[in-house]
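First up is the structure itself, then whatever we jot down about it.
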Amino acid sequence: MKLFSKKPAEAKSGASGAASTEPLSAERADEILREYSPEDNERQLTKWVARVVNVFSLFISLFLVYTAAFGQLPAMQQRSLYLLCAMVILFLVYPAFSKHSKKGVAWYDYLFAAASFGCCLYAFVNYEDILLRFGISNSTDQFVFVILAVLILEGTRRLVSPALSLITLIFLVYAYFGNVMPGMFQTKAGGLTRMADHMFMIPEGIFGSPLGTAATYVSLFVLFSSLLQGCGMGDFIQDVALGLTGRSTGGPAKVAVISSAAFGTISGAAAANVVGTGTFTIPLMKKCGYPPEFAGAVEACASTGGQLIPPVMGAACFIMAEYIGVPYSEIMLAGLVPGFLYYMSVFVTVHLRSKKLGLNGMPKEQLPSVRAAMKSRGHLLIPFAAVIYLIIRQYTISFAALVGIILVLLVSPLKKETRMSWKQIAAAFVDGGKKTVSFGVSCACVGMIIGVTTLTGVGNVLGNYILDISQGNLFLTLILVMIMSIIMGMGMPTVAVYIVQATVTAPVLMELGIPALTAHFFCFYFGIIACITPPVAVPSYAAAAIAGSNPSSTGWAAFKMAIPAFLIPFVFVYEPGMLFNGGSTVNSVICIFTSIIGCFLVAAGMEGWVVRPLIKWKRILALAGGICCIIPEHITDIIGVAVLAFLVISECRAKKMKQAAVS
């Protein structure tokens with residue numbers, strides 16, 4: 001019996017060995033992860049430095065669990081102690097440049113780690129004195145602020161994103177020279193004293209709310225994710241996805257969509273998702289017959305969308321709940337339909353491409369059993385379900401995460417396949433502590449952006465520029481905000497993407513009367529899609545490295561695949577009922593139903609397939625009908641549904657006539 005219906009496609013380009021249809025070796029996967037995920041580009045440490053890093057990492061995890069269980073420290077102490085550990089780990093583990101990863105810790109990194117320790121310890125020890133001075137800094141405070149700000153910028157550059165570091169630096173320069181800026185950009189705020197008063201002495205800058213969320217429940221969820229992965233949740237997700245969809249048309253590509261979506265809910269980093277699941281799914285797709293560029297694009301889109309899926313949403317949902325002052329359960333509910341539509345459009349594109357290429361699935365005997373996977377690892381769903389239940393019942397996020405962590409430790413020993421030794425548990429806690437570092441430094445960095453915005457009012461200035469250009473026209477404003485969100489989101493991690501959008505772009509939409517939840521979701525959605533928007537499409541480049549394909553071609557293929565997803569945020573702006581944020585239930589149901597049809601038609605138009613290949617004018621008709629369905633108006637919905645009916649009926653009739661002629 002043949003395994004697949006077509007011969008494997010040959011890779012067009014790529015590094016030696018990347019064109020193989022066999023899963024990548026651990027060494028190659030690690031190499032790709034280091035290249036495209038700064039968080040995984042760790043340097044080689046000596047034994048004693050590694051022990052110091054492990055101690056700080058373990059301390060972060062235990063500190064977070066302890067404060068979640070027995071109460072948090074005062075805000076500045078909680079945040080400064082967390083940042084202290086994160087910055088020390090950062091400068092000891094992550095080199096200034098990727099080419100130095102095979103070298104030991106540089107002398108200046110010891111200096112940076114010591115300076116970070118001293119600056120954060122100063123804030124921790126003197127927090128009462130700082131608070132009692134009511135935002136009035138002295139020369140020592142200003143010196144510590146400057147040193148800490150520089151260290152945060154450097155840490156962000158090497159670990160998170162050079163773009164985020166540069167944007168923050170521009171904001172800081174503006175804050176310093178704001179009182180001498182020309183025209184409408186001039187502000188009364190300016191100089192080092194005002195900056196230190198506002199961004200170090202009060203919880204409005206470095207030690208602001210973003211760092212507060214990172215130092216509490218966000219990092220707890222990172223630890224929860226690390227424990228789940230340590231006891232085999234990733235293998236469970238992959239086996240279930242392969243068992244459910246492996247036999248269907250283009251099964252391996254659908255496995256990539258489902259497994260990457262599920263894995264993304266516990267990971268939240270697109271490039272890491274690509275390598276985590278793509279090392280298995282991309283070679284499998286190529287073996288099935290998919291071109292390398294398309295295989296990489298599927299994985300890039302699927303891995304990126306995991307950050308849009310509740311309940312975690314790349315940890316940004318927790319910050320969103322705090323920003324706009326709504327229960328987290330509402331954020332989670334609002335994210336369901338947009339996330340579903342995103343993955344439905346990717347899934348439909350994969351199915352139509354498989355039909356067009358004539359690709360079948362895998363034989364049953366080659367697939368893992370869903371029943372066996374559930375029997376061996378299904379109990380790992382218990383902590384996940386418990387966390388969601390507690391959040392829906394309005395328990396605090398910290399409590400829900402703490403219960404999830406405890407349940408993982410309780411249920412994982414139930415089966416041999418998921419049982420962790422004490423050494424493995426300790427390693428998971430250490431790994432969780434390391435993973436929180438990027439959240440900490442990025443939140444401290446964007447905290448400075450927020451501090452500059454509130455100090456100078458620059459956010460209002462940028463918003464007024466957009467409104468002046470659009471003349472208050474909602475659709476044109478949405479287009480401009482979309483472009484701005486994509487540009488500002490390129491190459492940045494999820495939490496940083498959202499906080500920047502919430503500070504700069506979301507207020508523009510709120511000025512036009514758009515509800516806060518809708519405005520924040522619109523900007524966040526496009527900030528995430530920026531990950532697969534060329535020219536800076538890091539997940540696509542990571543997928544291309546695995547697929548052995550051209551990075552640019554893979555990036556554009558992913559962008560093309562995500563085009564239906566670009567229309568979804570416009571729908572929930574005009575019909576907030578899609579986010580369950582107002583509007584009648586009937587209108588919400590109609591909107592969701594027609595949006596599903598719209599995404600299908602747009603995907604069909606892009607792929608050129610409905611039952612059989614579409615000729616050019618029918619492809620254009622499908623695209624137009626899809627856009628009509630997505631526009632939340634009854635007349636356009638009727639037009640879109642009519643287009644779908646016409647295409648299905650006409651193509652089915654043409655297919656039958658062709659079959660009759662052949663027979």
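All values reported here derive from a predicted model rather than from experimental measurement.
- Residues satisfying the side chain to side chain contact (heavy atoms under 4.5 Å, CB included) test with Ile514, not counting sequence neighbours, are Leu474, Leu478, Leu509, Thr518, Ala519, Val573.
- With hydrogens and angles ignored, the 3.5 Å screen pairs a side-chain donor or acceptor of Tyr343 with a backbone N or O of Ala302.
- For the side chain to side chain contact (heavy atoms under 4.5 Å, CB included) test, residues two or more places apart in sequence or in another chain that qualify with Gln72 are Thr67, Gln78, Thr216, Ser398.
- Residues Gly432 and Val222 approach most closely at O-CG1, 3.9 Å, considering heavy atoms.
- Residues Ile388 and Met332 have side chains in contact (heavy-atom distance under 4.5 Å, counting atoms from C-beta outward).
- Between the CG atom in Leu341 and the CZ atom in Phe347 there is a gap of 14.5 Å [rounded to 0.5 Å].
- Atoms OG and CZ, on Ser165 and Arg157 in that order, are 7.5 Å from each other to the nearest 0.5 Å.
- The residue from Ile170, Leu164, Leu166 that alone fulfils the side chain to side chain contact (heavy atoms under 4.5 Å, CB included) condition with Thr168 is Leu164.
- Interatomic distance, Ile568 CD1 to Met344 CE, rounded to the nearest 0.5 Å: 8.0 Å.
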Q | Candidate pair Glu299 and Val257, rule side chain to side chain contact (heavy atoms under 4.5 Å, CB included), full reasoning | A | CA-CA 7 Å; Glu299 184 58 50; Val257 175; over 6 Å; no

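- Taking the side chain to side chain contact (heavy atoms under 4.5 Å, CB included) definition, one finds that Val403 meets it with Leu390, Phe399, Leu407, sequence neighbours left out.
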**Q.** Stepwise side chain to side chain contact (heavy atoms under 4.5 Å, CB included) check, Gln501 with His520
**A.** CA-CA 8 Å; Gln501 309 292 2; His520 282 248; over 6 Å; no

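- The backbone N or O of Cys301 lies less than 3.5 Å from a partner atom in the side chain of Tyr342, making a donor-acceptor pair.
- Residues Pro327 and Glu330 form a side-chain contact, since some pair of their non-hydrogen atoms from C-beta on lies under 4.5 Å apart.
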Which side-chain N or O atoms in residues 521-535 pair as donor and acceptor under 3.5 Å with protein atoms at least two apart or in another chain?
from: Thr533; atom 1: OG1; to: Ile529; atom 2: O; distance (Å): 2.9

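- Using a 4.5 Å heavy-atom cutoff, the side chains of Phe171 and Thr503 are not in contact.
- Residues Leu579 and Pro338 form a side-chain contact, since some pair of their non-hydrogen atoms from C-beta on lies under 4.5 Å apart.
- Side-chain atoms of Ser345 do not come within 3.5 Å of backbone N or O of Pro564 as any donor-acceptor pair.
- Of all heavy-atom pairs spanning Val274 and Pro539, the tightest one is CG2-O, 3.8 Å.
- A 4.5 Å side-chain heavy-atom check between Leu192 and Val146 finds at least one atom pair inside the cut-off.
- Nearest heavy-atom pair across Ile499 and Cys443 is CD1-SG, 4.3 Å.
- Within the 4.5 Å cutoff, side-chain heavy atoms of Phe593 are placed close to those of Ile597.
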Which side-chain N or O atoms in residues 195-212 pair as donor and acceptor under 3.5 Å with protein atoms at least two apart or in another chain?
from: Asp197; atom 1: OD1; to: Ser137; atom 2: N; distance (Å): 2.8
from: Asp197; atom 1: OD1; to: Ser137; atom 2: OG; distance (Å): 2.6
from: His198; atom 1: NE2; to: Gly451; atom 2: O; distance (Å): 3.4
from: His198; atom 1: NE2; to: Thr454; atom 2: OG1; distance (Å): 2.8
from: Glu204; atom 1: OE2; to: Thr454; atom 2: OG1; distance (Å): 3.4

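- Pairing each heavy atom of Ala603 with each of Thr349, the nearest pair is CB-OG1, 3.6 Å.
- When all heavy atoms of Thr554 and Ser540 are compared, the closest pair comes out as CG2-O, 3.6 Å.
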Q: Check step by step if side chain to side chain contact (heavy atoms under 4.5 Å, CB included) holds for Met578 and Ser588.
A: CA-CA 6 Å; Met578 179 180 281; Ser588 298; over 6 Å; no

Q: Test Ile167 against Val500 for side chain to side chain contact (heavy atoms under 4.5 Å, CB included), laying out the working first.
A: CA-CA 10 Å; Ile167 290 172; Val500 172; 5.5 Å; no

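- A distance-only check finds no donor-acceptor pair linking the side chain of Glu154 to the backbone of Leu151 [under 3.5 Å].
- With rounding to the nearest 0.5 angstrom, the OG atom of Ser438 is 5.5 Å from the CG atom of Leu159.
- Within 6.0 Å of atom OH in Tyr395, 12 or fewer heavy atoms from other residues, nucleotides or ligands are found, so the atom counts as exposed in its surroundings.
- Within the 4.5 Å cutoff, side-chain heavy atoms of Phe439 are placed close to those of Tyr82.
- Judged as a side chain to side chain contact (heavy atoms under 4.5 Å, CB included), and not counting sequence neighbours, the contacts of Ser470 are Leu467, Leu476, Thr477, Leu480.
- Asp637 is not listed as a side-chain neighbour of Glu633, based on a closest heavy-atom distance of 4.5 Å or more.
- Note that CG of Leu336 is 8.5 Å distant from CD1 of Ile309, once rounded to the nearest 0.5 Å.
- Under the 3.5 Å distance criterion, the side-chain polar atoms of Thr436 are left unmatched by any main-chain donor or acceptor of Ser219.
- Cys629 contributes atom SG, which lies 11.5 Å from atom CZ of Phe600 (distance to the nearest 0.5 angstrom).
- Checked by atom type and distance alone, the side chain of Ser225 never pairs as donor or acceptor with a backbone atom of Phe221 at under 3.5 Å.
- Nearest heavy-atom pair across Val160 and Val441 is CG2-CG1, 3.5 Å.
- Distance alone, capped at 3.5 Å, is enough to place a donor-acceptor pair between the Thr636 side chain and the Ile631 backbone.
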